[in-house]
Amino acid sequence: MSTEIKPAIVKQIVMVDLQTQYRRLQKEIDDAVLAVMDSTRFIGGPEVDGFKTELAEYLGAKHVIPCANGTDALQIAMMALGLKPGDEVIVPTFTYVATAEVIALLGLTPVMVDVDEETFTLDLNQVEAAIGPNTKAIVPVHLYGQCADMEGLMALADRHGIHVIEDNAQAIGSDYFFSNGRVAKSGTIGTFGTTSFFPSKNLGCFGDGGAIFTNDDELAKMAAMIASHGQSKLYTHDVVGVNSRLDAMQAAVLRIKLRHLDDFIARRIAVADKYDAAFSNIDEIKTPVRDKRSKHVFHQYTLVLNGVDRNGMKEFLQENDIPSMIYYPIPLHKQKAFVNSDSNRSFAVTEKLCDSVISLPIHTEMEAEQQDHIIEKVIEYINKS
Ligand SMILES: *Cc1c(COP(=O)(O)O)cnc(C)c1O
């Protein structure tokens, strides 16, 4: 009996290679984390304050309020706006669940709209059609690392007196280019921006973390107060809040990673460029559209398949030691948790995307041979199917 041993052609491929990235930055990160342990300032303190200031500087945002995760960041932003049960918040139906979850949790009504077929972000015509007397906020999601049409959206929101909360969990570090030449970092354009430092995000920590950004002094104060039990000063509670903190060890890791964020983004874009070049002439594959109005920071590299058996391709890639993911297989309006009168409406673009997208490995540590192997196997599957 002989056991076939597959030769390891390339270093094991993962969706996001956090381990190699850690090893590359290990000395810096270990020193910083050990220093926090030695200081025993685990909550608040100089690391959290330092990160707050450095992130605000990087983003060009007036205020950064760190919190426990990206979901809390959305919730705190909505609480700070004083949204009340019955208020409606417009969200894309093609997104991660967190966006709609906090809306429902606060007793607000999520109103789902479809996305644009090219950018996978909010379709502004549909947003406009969904605005009613109870609409209080719109949450664009900068999906996969590409900004929604923020110039158009802000004009629309301003016309109707509606707040915009940018869910920037997938696009931190992206630039948005306005038609008048103004450039702003994603997440700093709306009333609030929110982000997540979940380990696999473009700026990830070693656990959970998140932050809220705003240029409004009063709203910043309110959000900070809400994140800290509604406390205005010690043991004085002005509003009902939550307990949502970024701890000092995570802040220490993030301060180091923030210094590398532009390099991380450049590495991701280089991987995307190489995929684009390899797949550009294949009819069955649509490569990501890069909207000229912003810089795509490629949290995900997501193909749209046309006439290809997606499950078959996923399995074929897996047999060749290549992981892939479907972000997202089920749209929000079809999720049991959010089934309502909207659920029978048609969201044609989202429904098509949920059936045809596939995300390939992309991260800061991709080796040329690894990516060559992925490209070769994707093309091999298309050619034989
Ligand atoms: C990751 C993510 C979140 C939630 O972040 P957590 O830190 O996991 O709570 C919210 N929105 C989007 C679009 C995300 O990708």
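Both ligands and their constituent atoms are indexed starting at 1 by order of listing. If you read the sequence from its start, that first residue is 1, and numbering goes on from there.
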Query raised in the report: So, does His299 sit close enough to ligand 1 that a heavy atom of it is under 4.0 Å from the ligand?
Result: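 So His299 does not count as touching ligand 1.
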Nearest non-hydrogen protein atom, [atom]:
{"atom": "atom 9 (O) of ligand 1", "answer": "Thr71 OG1, 2.5 Å"}
{"atom": "atom 13 (C) of ligand 1", "answer": "Asp167 OD2, 3.5 Å"}
{"atom": "atom 1 (C) of ligand 1", "answer": "Lys201 NZ, 1.4 Å"}

Query - Sub-4.0 Å atoms of ligand 1 with respect to non-hydrogen atoms of Asn69 - result: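 Matching atoms, with element in brackets: 7 (O), 9 (O).
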Query raised in the report: For ligand 1, which atoms sit closer than 4.0 Å to a heavy atom of Val141?
Result: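 Contacts of ligand 1 toward Val141, numbered from 1: 13 (C).
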Regarding [X] and [Y], do their side chains bring together a donor and an acceptor under 3.5 Å, going by distance alone?
{"X": "Tyr176", "Y": "Asp291", "answer": "no"}
{"X": "Lys11", "Y": "Thr20", "answer": "yes"}
{"X": "Asp114", "Y": "Thr350", "answer": "yes"}
{"X": "Thr99", "Y": "Asp167", "answer": "yes"}

Under 3.5 Å: N/O of [X] near N/O of ligand 1:
{"X": "Asp72", "value": "no"}
{"X": "Gln170", "value": "yes"}
{"X": "Asp208", "value": "no"}
{"X": "Gly70", "value": "yes"}

Query - Smallest separation among heavy atoms of Phe206 and Gln250, with atom names - result: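 So the minimum-distance heavy-atom pair works out to N-OE1, 2.8 Å.
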Query raised in the report: Do Lys314 and Ile326 pass the side-chain contact (heavy atoms from CB on, under 4.5 Å) test, and can you show the C-alpha distance, the side-chain angles, and the key distance before you say yes or no?
Result: CA-CA 9 Å; Lys314 208 172 181 317; Ile326 311 302; 4.0 Å; yes
Query raised in the report: Would Leu122 end up clustered with Phe177 when hydrophobic side chains under 4.5 Å apart are linked, directly or stepwise?
Result: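 In one cluster: no.
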